[in-house]
Amino acid sequence: MQQYQEGVVEAPFGDLSTYVSTAPRLGAPARFPALKFYGRLLAGPVIWLCRKAAKGLCDDSAWVHASLRVTELIERVGCPVSIEGMENISATLGPCVFVANHMSTLETFMLPGIIRPHRAVTFVVKKSLVGLPFFGAVMRSRNPIVVGRTNPREDLGAVLEGGVERLKKGISIIVFPQSTRTPDFDPHHFNTIGVKLARKAGVPVVPLALKTDAWGTGKRLKELGPIKSGLPVRFKFAAPLDIHGNGRDEQAFICDFIASQLARWRREDGVNA
């Protein structure tokens with residue numbers, strides 16, 4: 001791990017609107033990328049952050065520090081990272097709801113290092129994650145909104161109540177409206193929970209399209225899937241949207257934005273990516 005200064009939230013991207021991996025950071029495609037990546041991930045930022053959380057020291061600066069190390073690790077196994085539209089993260093004076101597709105575990109590791117240097121933020125997470133040994137303490141330290149994923153009505157109530165409470169305190173929320181992580185995007189399975197939360201709280205939504213299938217889904221353990229060296233990792237933030245009426249138009253815009261970005265990236269990465 002690189003030097004860490006407690007209480008100081010790193011801002012490696014500065015005021016850039018776009019970040020693209022450069023040669024000094026980007027490693028050559030790895031021969032055994034999963035072995036290299038997971039070995040360094042577990043021995044580095046994961047264990048380090050879990051130890052911090054066990055001592056009650058997992059603050060925002062530690063969270064961001066570990067997140068940025070994950071970005072470096074995915075670059076070192078030959079996966080270039082591009083982030084577009086970062087000016088939209090802080091384009092609103094108050095908090096917002098980030099609404100994104102959910103493709104892999106990678107975005108949950110990387111997004112804190114991208115968003116938190118600009119504004120306070122937390123996630124909507126599954127109940128099972130906060131109960132995990134070791135890493136559950138990390139998740140709980142982030143004051144997330146916890147849902148069970150078994151009763152949609154109860155989950156909606158938890159997100160609306162917990163989300164409004166946090167947004168009133170100036171904490172933005174990251175929502176993945178898809179029920180499962182998947183490389184495919186289907187607007188019919190992309191629910192309106194993010195738009196409903198933003199409408200109830202009176203805050204804007206920031207659409208986020210992401211392509212993180214360089215970290216695949218495992219067959220036995222979803223979190224430990226194949227690492228596809230050479231496949232780009234991409235994020236793009238759209239401009240904030242105010243919610244009008246029932247939010248139907250904004251929901252349609254979010255879905256169109258994500259679908260069009262994924263189609264563009266897949267053309268650039270190759271049809272077999």
Side-chain angles (χ1 to χ4, degrees), residues 7-19 58-65 67-68 83-102 107-108 110-125 139-147 155-178 190-210 235-258 261:
V8 177
V9 176
E10 298 174 67
F13 307 117
D15 295 325
L16 295 175
S17 62
T18 300
Y19 167 81
C58 184
D59 59 7
D60 282 356
S61 58
W63 193 35
V64 169
H65 180 75
S67 174
L68 294 174
I83 310 168
E84 302 176 75
M86 283 191 288
E87 73 278 6
N88 294 316
I89 296 173
S90 54
T92 61
L93 293 177
C96 62
V97 178
F98 294 94
V99 180
N101 59 308
H102 197 12
E107 57 260 26
T108 59
M110 288 183 60
L111 282 173
I114 298 171
I115 296 176
R116 180 57 191 91
H118 300 279
R119 58 169 67 247
V121 70
T122 192
F123 286 97
V124 176
V125 303
M139 299 305 301
R140 293 191 297 272
S141 75
R142 302 296 85 219
N143 189 26
I145 300 169
V146 181
V147 296
D155 287 351
L156 175 60
V159 171
L160 294 181
E161 181 180 352
V164 169
E165 176 189 351
R166 288 159 178 77
L167 288 162
K168 284 182 177 179
K169 294 178 180 178
I171 302 171
S172 295
I173 310 292
I174 301 171
V175 178
F176 301 115
Q178 291 171 270
F190 195 81
N191 66 52
T192 59
I193 196 166
V195 169
K196 287 176 179 175
L197 172 58
R199 181 179 62 185
K200 184 175 179 65
V203 302
V205 296
V206 175
L208 168 59
L210 55 86
F235 296 85
K236 184 170 182 178
F237 296 86
L241 296 174
D242 291 323
I243 307 301
H244 301 283
N246 60 16
R248 187 175 301 167
D249 291 342
E250 290 75 21
Q251 176 74 5
F253 177 90
I254 294 168
C255 290
D256 288 345
F257 171 75
I258 293 172
Q261 288 303 314

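Every value quoted in this text rests on a predicted model; they were computed, and no experiment measured them.
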Checking Asn88 now: which residues fulfil side chain to side chain donor-acceptor pair (under 3.5 Å) with it, not counting sequence neighbours?
none
Mark yes or no for whether Arg142, through its side chain, and Trp63, through its backbone, hold a donor-acceptor pair below 3.5 Å.
no
Rounded to the nearest 0.5 Å, the CD1 atom of Ile243 sits from the CG atom of Asp249 at a distance of 10.0 Å
Straight-line distance of Phe253 CZ to Ile258 CD1, nearest 0.5 Å
10.0 Å
List in chain and number order the residues that pass salt bridge (charged side-chain N to carboxylate O under 4.0 Å, His left out) with Asp155, two or more places apart in sequence or in another chain; answer none if no residue qualifies.
none
How long is the gap from CD1 on Ile171 to CZ on Arg116, to the nearest 0.5 Å?
9.0 Å
Could you give the distance from OH (Tyr19) to CZ (Phe235), rounded to the nearest 0.5 Å?
11.5 Å
Within 6.0 Å of CD in Glu87, more than 12 heavy atoms from elsewhere
yes
Contact summary for Ala91 and Pro240, nearest pair of heavy atoms
CB-CG, 3.8 Å
Side chains of His102 and Thr108 in contact at under 4.5 Å (non-hydrogen atoms):
yes
One should read off an interatomic distance between Ile115 CD1 and Ser67 OG, to the nearest 0.5 angstrom, of 9.5 Å
Between the CZ atom in Phe98 and the CG atom in Leu210, the distance rounded to the nearest 0.5 Å is 12.5 Å
Could you check if a side-chain atom of Asn246 sits within less than 4.5 angstrom of a side-chain atom of Gln251, using non-hydrogen atoms only?
no
In short, Met139 meets Pro144 closest at the heavy-atom pair O-CD, 3.1 Å
What are the two closest non-hydrogen atoms of Pro117 and Val64, and how far apart are they?
CG-CG1, 4.1 Å
Are any side-chain N or O atoms of Ser172 and backbone N or O atoms of Val121, one a donor and one an acceptor, separated by less than 3.5 Å?
no
Shortest non-hydrogen separation from Thr92 to Pro95 and the atoms involved:
OG1-O, 4.3 Å
Please evaluate residues Leu111 and Leu208 with respect to the criterion side-chain contact (heavy atoms from CB on, under 4.5 Å), reporting the C-alpha separation (whole Å), side-chain torsions for both, the decisive distance (0.1 Å), and the verdict.
CA-CA 11 Å; Leu111 282 173; Leu208 168 59; 3.8 Å; yes
Under the side chain to side chain contact (heavy atoms under 4.5 Å, CB included) test against Val147, which residue among Ile193, Val125, Val159 passes?
Val159
Are the side chain of Arg119 and the backbone N or O of Gly170 linked by a donor-acceptor pair below 3.5 Å?
no
From the list Val124, Leu167, Val205, side chain to side chain contact (heavy atoms under 4.5 Å, CB included) partner of Leu197 resolves to Leu167
Which atom pair, heavy atoms only, marks the closest approach of Pro207 to Ala239?
CD-O, 3.6 Å
Checking His244 against Glu250: is there a side-chain donor and acceptor pair closer than 3.5 Å?
no
Before giving the answer on side-chain contact (heavy atoms from CB on, under 4.5 Å), spell out for Val99 and Phe257 the whole-Å C-alpha distance, their side-chain angles and the decisive distance to 0.1 Å.
CA-CA 11 Å; Val99 180; Phe257 171 75; over 6 Å; no
Judged by atom type as modelled, is there a donor-acceptor pair below 3.5 Å linking the side chain of Ser17 to the main-chain atoms of Gly85?
no
Note: Arg166 and Thr122 closest approach over all heavy atoms is CD-CG2, 4.0 Å
